[in-house]
Number of protein chains: 2
Amino acid sequence: MKQPIKPTESELEILNILWTEGAATVRTVHEKLALTKDAGYTTTLKLMQIMLEKKLLSRDASNKTHVYTAIVNREQTQGQMVQRMIETMFNGSAMQLVMQTLGNHKASKAELNKIRAYLDGKVKK
Amino acid sequence: MKQPIKPTESELEILNILWTEGAATVRTVHEKLALTKDAGYTTTLKLMQIMLEKKLLSRDASNKTHVYTAIVNREQTQGQMVQRMIETMFNGSAMQLVMQTLGNHKASKAELNKIRAYLDGKVKK
DNA sequence: TTTGGTTTACGAAAGTTGTCGTATATTTGT
DNA sequence: ACAAATATACGACAACTTTCGTAAACCAAA
């Protein structure tokens, strides 16, 4: 396991877009970002350049318009962030986090069944 | 709903201690903190003073040794932090967060049953 | 080919965080 | 009563984050 990844809020937003898009230019990322946020193009560019330095992203600079890709794994990063939250706010209890989340969010019957199926699988093992 | 609360990592650690302790002096908080962290006493003091300014904490200064209390609600703060994480990393899907968490953590049979009971309750309604 | 749009690079500024040193006040034990 | 321990206040600092202006390179279309 490598040293822990600790992206900022803004960086996570960008990572999330790249995790979904796969690979994208600054412009693409910026436009997705602009849907929920309000910052200039050069701001997004700068953030992604910094993320490149931090090795959160890689880029293909063979063309003039560079194409960026996330090089940190989605599940692993999510796992680390969730873990951190569990430790600092939920006294280390993952189940407390789960209960908190279930308590605050409506879920479709299908989703609940999915969780139930998952729990069943866990017990059988 | 008030303006969103956005404590830093260090602030959350302190909040968590105060949520558990109820009310405490800087020294008490610092000693709990020192179990997992490594910073000087004045650092903890300063952080708590800043949190006082931000109105995350209140204090009783009637005695020379001040006594601090968290004035942000535990469940509400947890909820907001979880919500932020869901939005920035899980594309707004709380269930994805739940699945991620269940996938990465072992749970006792008792805990699993507790969750299952909770899910049953949700469906009945 | 000139003009205008797009892109990258760079640097600077403002705000925040976490760290601690030092000064000063207060309490306590001998 | 005096020295040692303990507490608060304050300011400074480096690191980091987010923001953007500006310049330079490049491309494309008229």
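Note that these values count all heavy atoms, side chains included, but never hydrogens, waters or copies made by symmetry. Per chain, numbering begins at 1; letters A, B, ... match sequence-line order. What you see is a predicted model; the values in this text were computed from it and never measured.
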[atom1] of [X] versus [atom2] of [N]: gap in Å, rounded?
{"X": "B/His66", "N": "D/dC10", "atom1": "NE2", "atom2": "P", "result": "11 Å"}
{"X": "B/Glu13", "N": "C/dG18", "atom1": "CD", "atom2": "C1'", "result": "11 Å"}
{"X": "B/Leu47", "N": "C/dT19", "atom1": "CG", "atom2": "P", "result": "7 Å"}
{"X": "B/Leu56", "N": "C/dT17", "atom1": "CG", "atom2": "P", "result": "10 Å"}
{"X": "A/Glu53", "N": "C/dG11", "atom1": "CD", "atom2": "P", "result": "12 Å"}
{"X": "B/Gln49", "N": "D/dG11", "atom1": "CD", "atom2": "C1'", "result": "12 Å"}
{"X": "B/Leu45", "N": "C/dC20", "atom1": "CG", "atom2": "C1'", "result": "11 Å"}
{"X": "B/His30", "N": "D/dT8", "atom1": "NE2", "atom2": "C1'", "result": "15 Å"}

Have a look at B/Thr43 and say if it touches a base, only the backbone sugar-phosphate, or nothing, with a 4.0 Å heavy-atom cut-off. base
Does A/Thr42 reach a base, just sugar-phosphate, or nothing at all? Heavy atoms under 4.0 Å.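 A/Thr42: base contact, heavy atoms under 4.0 Å.
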Is it true that the side chains of [X] and [Y] contain a donor and an acceptor less than 3.5 Å apart?
{"X": "B/Thr20", "Y": "B/Lys32", "answer": "no"}
{"X": "B/Glu53", "Y": "B/Gln49", "answer": "no"}
{"X": "B/Asp60", "Y": "B/Ser62", "answer": "yes"}

For B/Ile50 and A/Thr25, take the nucleotide of DNA chain C holding the closest heavy atom to each; which residue's nucleotide lies nearer the 5' end? A/Thr25
Nearest of [options] to any side-chain atom of [X]?
{"X": "B/Tyr41", "options": "D/dT8, D/dC27, C/dT17", "value": "D/dT8"}
{"X": "A/Val26", "options": "C/dT27, C/dT8, D/dA9", "value": "C/dT8"}
{"X": "B/Lys46", "options": "D/dT19, D/dA9, C/dT19", "value": "C/dT19"}

Any B/Lys64 side-chain N or O less than 4.0 Å from OP1/OP2 of D/dA9: no
Distance check: side-chain N/O of B/Lys6 vs OP1/OP2 of C/dT17, anything under 4.0 Å? no
Looking only at heavy atoms, which two atoms of B/Ala70 and B/Leu57 are closest? And how far apart?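 Closest approach of B/Ala70 to B/Leu57, heavy atoms only: CA-CD2, 3.7 Å.
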Could you list the residues that satisfy side-chain contact (heavy atoms from CB on, under 4.5 Å) with A/Thr101, not counting sequence neighbours?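 A/Thr101: side-chain contact (heavy atoms from CB on, under 4.5 Å) contacts with A/Leu97, A/His105, B/Val82, B/Ile86, B/Ala94, B/Leu97, B/Val98.
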Which is more 5' along DNA chain D, the nucleotide nearest A/Ser10 or the one nearest B/Arg59? Just name the residue.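 It is B/Arg59 whose nearest nucleotide is closer to the 5' end.
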Considering heavy-atom distances to DNA chain D, does A/Lys37 or B/Arg27 have its closest nucleotide positioned more toward the 5' end? B/Arg27
